[in-house]
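Heads up: the structure comes next, in structure tokens.
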Amino acid sequence: MYEELTYQEAKGKAQKALHDGYGEALILKDEHGHWALYYFYGYQEPPPHARPHWLEGPKEEPDFRAPFAMKLWLEEHGYEDFQNDVD
């Protein structure tokens, strides 16, 4: 469901956004709880058609990691590096 949501669509539905030098996490809420959609594009805004690199949720509270903290967690758990460039 949310893994197919484009950045443009998610940005329009987001209740909150977490930004840092590694990417952006858009926080959404539905009847199941809060979700974080992570887009790892550094300081650049993701392209409108970009799909999230990582999805977390649902959670009762919107207490999600910032993008760089999520990057470190992913690396510690054996996931690939998701950094993308749009240049």
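Each residue takes its place number in the sequence, starting with 1. Below, all heavy atoms of this structure are taken into account, side chains as well, without hydrogens, waters or symmetry copies.
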Problem set entry | Approximate separation, where rounding is to 0.5 Å, of Lys11 NZ and Glu45 CD | 4.0 Å
Exercise. Any donor-acceptor pair under 3.5 Å linking the side chain of Asp20 with the backbone of Phe68?
Worked result: yes
Exercise. Hey, are the side chains of Leu5 and Leu26 touching, using non-hydrogen atoms and a 4.5 Å cut-off?
Worked result: no
Problem set entry | Arg51/Glu3 salt bridge by N-O under 4.0 Å criterion | no
For this session: For atom CD of Gln15, decide whether the heavy atoms of other residues, nucleotides or ligands shown that lie under 6.0 angstrom number more than 12.
Result: yes
Exercise. Looking only at heavy atoms, what is the nearest atom pair of Leu18 and Phe64, with distance?
Worked result: CD1-O, 3.8 Å
Exercise. Mind checking whether Phe40 and Trp54 have side chains closer than 4.5 Å, heavy atoms only?
Worked result: yes
Seminar exercise, completed: Between Glu4 and Glu9 the two heavy atoms that sit nearest each other are O-OE1, 4.3 Å
For this session: Of all the heavy-atom pairs spanning Pro67 and Ala25, show the shortest one and how long it is.
Result: CG-N, 3.8 Å
Exercise. Within a strict 4.5 Å, meaning less than it, do heavy atoms of the Lys71 and Arg65 side chains meet?
Worked result: no
Seminar exercise, completed: Between Leu28 and Ala10 the two heavy atoms that sit nearest each other are CD1-O, 4.2 Å
For this session: Indicate yes or no for a side-chain donor-acceptor contact from Glu75 to the backbone of Leu72 under 3.5 Å, with no hydrogens or angles considered.
Result: no
Problem set entry | Beyond-backbone contact of Lys13 with Lys29, side-chain heavy atoms, under 4.5 angstrom | no
For this session: Decide yes or no for Asp30 and Met1: does some side-chain heavy atom of the first lie under 4.5 Å from some side-chain heavy atom of the second?
Result: yes
Exercise. Can you tell me how far OH of Tyr7 sits from OH of Tyr41, rounded to the nearest 0.5 angstrom?
Worked result: 10.5 Å
Exercise. Taking side chain as C-beta onward, heavy atoms only, is Ile27 less than 4.5 Å from Trp35?
Worked result: no
Exercise. Can you find a side-chain donor-acceptor pair between Tyr38 and Glu24 that sits under 3.5 Å?
Worked result: no
For this session: Any chance you could measure Leu55, atom CG, to Tyr2, atom OH, to the nearest 0.5 Å?
Result: 9.0 Å
